[in-house]
Amino acid sequence: MIPSLATLLVCQLIGEALVRTLAVPVPGPVVGMAGLLLALVCKPAWLAALKPTAATLLQHLSLLFVPAGVGVMLHLQRLGDEALAIGVALVLSTWIGLASAALTMAWLMKRVAPPEQRHER
(Lines give C-alpha, C1' and ligand atoms only; values in the text may rest on other atoms or scores of the structure.)
Protein backbone atom coordinates (compact mmCIF):
# COMPACT_ATOMS: atom_id res chain seq x y z
CA MET A 1 0.00 0.00 0.00
CA ILE A 2 2.84 2.43 0.76
CA PRO A 3 4.50 2.00 -2.67
CA SER A 4 1.15 2.48 -4.39
CA LEU A 5 0.40 5.61 -2.38
CA ALA A 6 3.89 6.88 -3.13
CA THR A 7 3.30 6.25 -6.83
CA LEU A 8 0.08 8.26 -6.76
CA LEU A 9 1.76 11.11 -4.88
CA VAL A 10 4.76 11.11 -7.24
CA CYS A 11 2.38 11.39 -10.21
CA GLN A 12 0.75 14.37 -8.51
CA LEU A 13 4.15 15.90 -7.77
CA ILE A 14 5.28 15.47 -11.38
CA GLY A 15 2.06 17.06 -12.60
CA GLU A 16 2.49 19.99 -10.20
CA ALA A 17 6.11 20.45 -11.27
CA LEU A 18 5.17 20.41 -14.96
CA VAL A 19 2.40 22.95 -14.44
CA ARG A 20 4.67 25.31 -12.53
CA THR A 21 7.56 24.89 -14.96
CA LEU A 22 5.49 25.34 -18.12
CA ALA A 23 3.05 27.88 -16.60
CA VAL A 24 0.09 25.89 -17.88
CA PRO A 25 -3.33 27.03 -16.54
CA VAL A 26 -4.32 23.51 -15.48
CA PRO A 27 -4.24 22.10 -11.93
CA GLY A 28 -1.14 20.02 -11.26
CA PRO A 29 -3.05 16.99 -9.96
CA VAL A 30 -5.02 16.87 -13.22
CA VAL A 31 -1.80 16.74 -15.23
CA GLY A 32 -0.47 14.11 -12.82
CA MET A 33 -3.63 12.05 -13.26
CA ALA A 34 -3.25 12.27 -17.06
CA GLY A 35 0.35 11.09 -16.65
CA LEU A 36 -0.84 8.23 -14.48
CA LEU A 37 -3.37 7.28 -17.14
CA LEU A 38 -0.62 7.20 -19.77
CA ALA A 39 1.54 5.09 -17.46
CA LEU A 40 -1.31 2.63 -16.89
CA VAL A 41 -1.95 2.40 -20.64
CA CYS A 42 1.73 1.63 -21.23
CA LYS A 43 2.04 -0.74 -18.25
CA PRO A 44 -1.35 -2.33 -17.47
CA ALA A 45 0.25 -4.53 -14.80
CA TRP A 46 0.52 -1.45 -12.54
CA LEU A 47 -3.27 -1.32 -12.34
CA ALA A 48 -3.42 -4.40 -10.11
CA ALA A 49 -0.90 -2.83 -7.72
CA LEU A 50 -2.63 0.57 -7.57
CA LYS A 51 -6.25 -0.59 -7.49
CA PRO A 52 -6.51 -1.51 -3.76
CA THR A 53 -4.96 1.78 -2.66
CA ALA A 54 -7.14 3.80 -5.01
CA ALA A 55 -10.25 1.95 -3.79
CA THR A 56 -9.33 2.69 -0.16
CA LEU A 57 -8.83 6.37 -0.96
CA LEU A 58 -12.18 6.50 -2.73
CA GLN A 59 -13.92 4.88 0.24
CA HIS A 60 -12.67 7.70 2.47
CA LEU A 61 -13.11 10.49 -0.07
CA SER A 62 -15.75 12.24 2.03
CA LEU A 63 -13.12 13.01 4.69
CA LEU A 64 -11.27 15.16 2.14
CA PHE A 65 -14.28 17.50 1.98
CA VAL A 66 -14.12 18.36 5.70
CA PRO A 67 -11.52 21.16 5.24
CA ALA A 68 -13.59 22.66 2.42
CA GLY A 69 -16.70 22.57 4.61
CA VAL A 70 -14.83 24.29 7.44
CA GLY A 71 -13.65 26.94 4.97
CA VAL A 72 -17.21 27.56 3.84
CA MET A 73 -18.37 27.96 7.44
CA LEU A 74 -15.47 30.32 8.13
CA HIS A 75 -16.43 32.58 5.20
CA LEU A 76 -20.22 32.26 5.50
CA GLN A 77 -20.72 36.03 5.80
CA ARG A 78 -18.80 36.67 2.57
CA LEU A 79 -20.79 33.97 0.77
CA GLY A 80 -23.98 35.64 1.95
CA ASP A 81 -22.77 39.04 0.72
CA GLU A 82 -22.01 37.63 -2.73
CA ALA A 83 -24.88 35.14 -2.94
CA LEU A 84 -26.44 36.76 -6.03
CA ALA A 85 -23.21 36.67 -8.04
CA ILE A 86 -22.50 33.10 -6.94
CA GLY A 87 -26.05 32.02 -7.79
CA VAL A 88 -25.94 33.62 -11.23
CA ALA A 89 -22.55 32.04 -11.94
CA LEU A 90 -23.80 28.61 -10.87
CA VAL A 91 -26.98 28.80 -12.93
CA LEU A 92 -25.24 30.14 -16.06
CA SER A 93 -22.38 27.66 -15.87
CA THR A 94 -24.86 24.80 -15.44
CA TRP A 95 -26.91 25.94 -18.45
CA ILE A 96 -23.80 26.43 -20.58
CA GLY A 97 -22.49 22.99 -19.58
CA LEU A 98 -25.80 21.30 -20.33
CA ALA A 99 -26.16 23.11 -23.66
CA SER A 100 -22.62 22.28 -24.76
CA ALA A 101 -23.08 18.62 -23.76
CA ALA A 102 -26.40 18.44 -25.65
CA LEU A 103 -24.97 20.07 -28.77
CA THR A 104 -21.92 17.81 -28.68
CA MET A 105 -24.15 14.75 -28.27
CA ALA A 106 -26.39 15.82 -31.15
CA TRP A 107 -23.35 16.42 -33.36
CA LEU A 108 -21.86 13.04 -32.46
CA MET A 109 -25.16 11.25 -33.06
CA LYS A 110 -25.34 12.74 -36.57
CA ARG A 111 -21.80 11.59 -37.31
CA VAL A 112 -22.32 8.06 -35.98
CA ALA A 113 -25.81 7.48 -37.40
CA PRO A 114 -26.08 4.53 -39.80
CA PRO A 115 -25.96 5.52 -43.51
CA GLU A 116 -29.65 4.71 -44.10
CA GLN A 117 -30.67 7.18 -41.37
CA ARG A 118 -28.46 9.99 -42.66
CA HIS A 119 -30.57 10.42 -45.79
CA GLU A 120 -33.80 10.80 -43.82
CA ARG A 121 -32.65 13.98 -42.09
Side-chain angles (χ1 to χ4, degrees):
M1 181 146 176
I2 302 268
S4 299
L5 187 59
T7 302
L8 295 173
L9 290 174
V10 166
C11 287
Q12 181 178 353
L13 176 66
I14 291 170
E16 195 68 45
L18 282 172
V19 164
R20 290 182 186 245
T21 302
L22 302 175
V24 181
V26 177
V30 173
V31 174
M33 188 169 48
L36 178 62
L37 176 65
L38 289 173
L40 290 174
V41 167
C42 293
K43 294 212 175 222
W46 288 4
L47 181 61
L50 293 175
K51 195 171 186 177
T53 302
T56 302
L57 286 173
L58 287 174
Q59 285 176 343
H60 301 293
L61 186 64
S62 60
L63 292 175
L64 299 175
F65 290 103
V66 171
V70 170
V72 167
M73 297 305 292
L74 185 65
H75 296 285
L76 203 53
Q77 178 62 39
R78 183 173 181 187
L79 289 172
D81 293 343
E82 301 182 24
L84 179 63
I86 293 170
V88 169
L90 284 172
V91 169
L92 285 177
S93 65
T94 300
W95 286 349
I96 291 169
L98 285 171
S100 65
L103 291 171
T104 302
M105 185 66 183
W107 178 74
L108 287 172
M109 287 176 68
K110 285 180 184 175
R111 289 195 60 176
V112 179
E116 62 272 359
Q117 289 182 355
R118 289 184 190 165
H119 297 295
E120 294 174 7
R121 294 181 186 166

Selection [range] - residue pairs positive for salt bridge (Lys or Arg N to Asp or Glu O under 4.0 Å), sequence neighbours left out:
| range | result |
| --- | --- |
| residues 69-80 | R78-E82 |
| residues 13-32 | E16-R20 |
| residues 44-70 | none |

Transitive ILVMFWY cluster of [X] at side-chain heavy atoms under 4.5 Å: who else is in it?
| X | result |
| --- | --- |
| V24 | V10, I14, L18, V19, L22, V26, V30, V31 |
| L74 | none |
| W46 | L5, L8, L9, L36, L40, L47, L50, L57 |
| W95 | L84, V88, V91, L92 |

If you round to the nearest 0.5 Å, how far is OG1 of T53 from CG of L58? 11.0 Å
By side-chain hydrogen bond (donor to acceptor under 3.5 Å, both in side chains) - contacts of Q77 (at least two apart): D81
Does any pair with a residue in residues 21-44 pass side chain to side chain donor-acceptor pair (under 3.5 Å), and if so which ones, sequence neighbours excluded? none
Any side chain to side chain donor-acceptor pair (under 3.5 Å) pairs touching residues 22-37, not counting sequence neighbours? none
Over all atoms of both residues, closest heavy-atom pair of G97 and S100: O-OG, 3.0 Å
For S4 against A49, the heavy-atom pair lying closest together: OG-O, 2.8 Å
Test of understanding: with side chain to side chain contact (heavy atoms under 4.5 Å, CB included), list the residues that count as partners of M105, not counting sequence neighbours. M109
